[in-house]
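Chain letters run A, B, ... following the sequence lines, proteins first and then strands; every chain starts at 1. All figures in this text were calculated on a predicted structure; none of them were measured in a lab. Hydrogens, waters and symmetry mates are skipped; everything else that's a heavy atom, side chains included, is used.
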Amino acid sequence: MHIPDGFLDLSISTIMFLLVIPFWIFSIKGVRSVLSDKQVPLMATLTAMFFAAQMMNYPIIGGTTAHLLGGPILAITLGPYAGLISMTIILFIQALFFGDGGLITFGANVWNMGVIGVFIPYLVFIIFMKIMRNKKGMLIGAFLGAFLGDVLAAIFAGLELGLSTINFPYNVQIAVMAMGVHHSVIGIGEGIATVMILSILLSKRSDLLQLQKMAPRWLPSIDLRGSK
Amino acid sequence: MISNFLNLFEDIFFNEKYSSLNFIIQKIDPRVKIFSSIALISIAILAKSILTLIILTSIIFILSIVSRIPLKIFLIRTSLIPLFTTLIALPLIFITPGNQILNLNFINITTEGVHKALIFILRVWTCVNSLILLTLTTKFSNIINAMEKLKIPKIFTVMISITYRFIFLSINEAYRMLLAKESRTFKKESRLKEIKTLASMLSTLFIRSYERGERVYLAMMARGYNGSVNNLEKMSINRRDVVFILIVLFICIIALSSEYFLGVS
């Protein structure tokens, strides 16, 4: 889903940058108020781990493979603010060292995978937690969140590509269709993987999920250990 | 086979061999280089003619040759994304209406289609080239340093530098796990089982990284970490940098004006 430089128009890229900047500012403020020195190296090693995780492929329908995007699990374990910062750093290093993504399209990529891909799963997850208040609700929330986050991110990517009428040769319909259909399949894989990782973490090291407190203040904080 | 892959991977992507050389491009201030790559990429995005793009790409190639980057390494690093772009651009050759070159029963190839696809691929290639030239000729610590000087928030720069240190370790760990799994698997497993194995590997990785994070923090504390990472290398903009940036701006202005005022296509 990484959009390389040269796919998007300059105007679309600029708009996406402007959209992402407030989220960055809020995240930095949010993280700074709750983050101790200790958590910076911690977030960094976890970011490195998700970087490695993005290179592991798993099979999906019909011979194609997908890899974990990591957005949903980052959102659930680190909270959306720290999740966005981690995702931003992953995307930055990918763009610079693998040519996967770009400098000008960086804003668009962060919007798709960092903002949509982290905040949407988190919101869905929180809503399900509030409604069902048990482990089942949490897992359903994690699955739906991961699925929706992935599909929405793909649709946004399709929109950005399609609206770039100067540089991208296909129109909105084709771009959104191609991205949406492809990623609704990948999204199911992402959902299943997220649920499995979450349930393993819950049973093995549920103390790790306390990092949740990095969530925005207006969202209700939930003690994940209580819902086991 | 996997360890071979790992060595190759490290060689290609995380090698600072060429950025620590001391030729013209490596000597230029990282801030200037970041700015000029952004300028070159923007021009490539605005460009509408094949000629402009070819000229831009050849300038970047000349710069990479001048800074003694082996052509093979440069091409390997830059060809990944353009290959993927070629796949996306391929249908354009057949579906664009216009002047037909080749007309079989079902397949029409038109000049307009070929032109469109070529421009698309070339543009992406030019952008990737200029980005990769930046990363190949600049030490990672210098990029971070430049970002700090450009007032990027501290949390980003600190986290990027720590993350970068641990990426290769994490990838190594992940591949060791995959290798261990491969060597114990004899028949093809069902999809669900495979995802399950992967999930358990990932959660193990997660827990290990978490614990490593705590250890790293303690180690950093023991060495006097107080929440910020300092870079001792000084940066200054001198005459060479000014000349370089003027040349880049000159190229950009020439490219833009030939596109928009003279109508070169």
Worksheet item: Can you name the closest pair of heavy atoms from B/V216 and A/T45 and give their distance?
Response: CG2-CG2, 4.4 Å
Worksheet item: For B/F156, is it the side chain, the backbone, both or neither that has a heavy atom under 4.5 Å from a heavy atom of chain A?
Response: both
Worksheet entry | Choice from B/R212, B/K196, B/R215, B/K116 maximising heavy atom contacts with chain A below 4.5 Å | B/K196
Worksheet, complete the sentence: Honestly, the part of A/I90 sitting under 4.5 Å from a heavy atom of chain B is neither
Practice prompt. Kindly determine whether B/Y210 and A/T77 satisfy side chain to side chain contact (heavy atoms under 4.5 Å, CB included), including the steps that lead there.
Written response: CA-CA 11 Å; B/Y210 191 97; A/T77 50; over 6 Å; no
Practice prompt. For A/F7 and B/V124, run side chain to side chain contact (heavy atoms under 4.5 Å, CB included): C-alpha distance rounded to whole Å, both residues' side-chain angles, the deciding distance at 0.1 Å, then the answer.
Written response: CA-CA 7 Å; A/F7 274 55; B/V124 172; 3.3 Å; yes
Worksheet item: What pair of heavy atoms forms the shortest contact from B/I162 to A/P41, and how long is it?
Response: CD1-CA, 4.3 Å
Discussion item. Can you tell me which portion of B/I119 sits under 4.5 Å from chain A's heavy atoms? Options are side chain, backbone, both or neither.
Written reply: neither
Worksheet item: When the ring centroid of A/F51 is compared with that of B/F166, is the distance short of 6.0 Å?
Response: no
Worksheet entry | Within-4.5 Å side-chain heavy-atom neighbours: B/V128 and A/D5 | no
Worksheet, complete the sentence: Turns out that what part of B/I88 lies under 4.5 Å from chain A's heavy atoms comes down to both
Worksheet item: Heavy-atom distance under 4.5 Å between the side chains of B/F206 and A/I73, does that happen here?
Response: no
Fill in: Note, A/F92 side chain near B/M147 side chain (heavy atom, < 4.5 Å)
yes
Worksheet, complete the sentence: Greatest number of non-hydrogen atom pairs under 4.5 angstrom with chain A, of B/I160, B/T197, B/T204, falls to B/I160
Worksheet item: Should the heavy atoms of other residues, nucleotides or ligands under 6.0 Å from NZ of B/K193 be counted, would the total exceed 12?
Response: no
Practice prompt. Please report the closest heavy-atom contact between B/S209 and A/L46, naming both atoms and the distance.
Written response: CB-CD2, 3.8 Å
Practice prompt. List the steps, then state whether side chain to side chain contact (heavy atoms under 4.5 Å, CB included) holds for B/L202 with A/M49.
Written response: CA-CA 9 Å; B/L202 286 176; A/M49 176 249 148; 4.3 Å; yes
Worksheet entry | For the student: nearest non-hydrogen atoms of A/I104 and B/S42, plus distance | CD1-OG, 3.7 Å
Worksheet entry | Rounded distance [0.5 Å steps], CD1 in B/I155 versus CE in A/M43 | 5.0 Å
Discussion item. So which atom in A/A193 and which in B/A199 form the shortest heavy-atom distance, rounded to 0.1 Å?
Written reply: O-CB, 4.2 Å
Worksheet item: Once you round to the nearest 0.5 Å, how far does CD1 of A/I197 lie from OG of B/S200?
Response: 9.5 Å
Worksheet item: Counting only N and O atoms by type, is there a donor-acceptor contact under 3.5 Å from the side chain of B/S203 to the main-chain atoms of A/L201?
Response: no
Worksheet item: Nearest 0.5 Å, what's the CD1-CD1 distance between A/I93 and B/I143?
Response: 10.5 Å
Discussion item. A quick test of your reading: do over 12 heavy atoms of other residues, nucleotides or ligands sit less than 6.0 Å from CZ of B/F35?
Written reply: no
Discussion item. To the closest 0.5 Å, what do you measure between CD1 (B/I207) and CD1 (A/I200)?
Written reply: 8.5 Å
Worksheet item: If you measure from CD on B/E214 to CG on A/L42, what distance do you get to the nearest 0.5 Å?
Response: 6.0 Å
Worksheet item: Taking every heavy-atom pair that is under 4.5 Å apart, which of A/S13, A/S86, A/A48 has the most such pairs with chain B?
Response: A/A48
Could you give the side-chain donor-acceptor pairs of residues 17-29 of chain A under 3.5 Å, partners two or more places apart or in another chain?
| unit_1 | atom_1 | unit_2 | atom_2 | d |
| --- | --- | --- | --- | --- |
| A/W24 | NE1 | A/T88 | OG1 | 3.1 |
| A/S27 | OG | A/F23 | O | 2.8 |

Discussion item. So for B/A117, is it side chain, backbone, both, or neither that comes closer than 4.5 Å to the heavy atoms of chain A?
Written reply: neither
Item to complete: Check A/G6 against B/F120 and note the closest heavy-atom contact, atom names and distance.
Response: O-CE1, 4.2 Å
Worksheet item: When you measure from the side chain of B/T135 to the backbone N and O of A/L96, does any donor-acceptor pair fall under 3.5 Å?
Response: yes
Worksheet, complete the sentence: CG (B/L46) and CG (A/L10) are apart, to the nearest 0.5 Å, by 5.0 Å
Worksheet item: Relative to chain A, which segment of B/E211 carries a heavy atom at a distance below 4.5 Å: side chain, backbone, both, or neither?
Response: side chain
Discussion item. When you compare the side chain of A/F50 with that of B/S170, does any pair of heavy atoms fall below 4.5 Å?
Written reply: no
Discussion item. Using the side chain to side chain donor-acceptor pair (under 3.5 Å) criterion, which residues pair with B/T57? Sequence neighbours excluded.
Written reply: B/T126
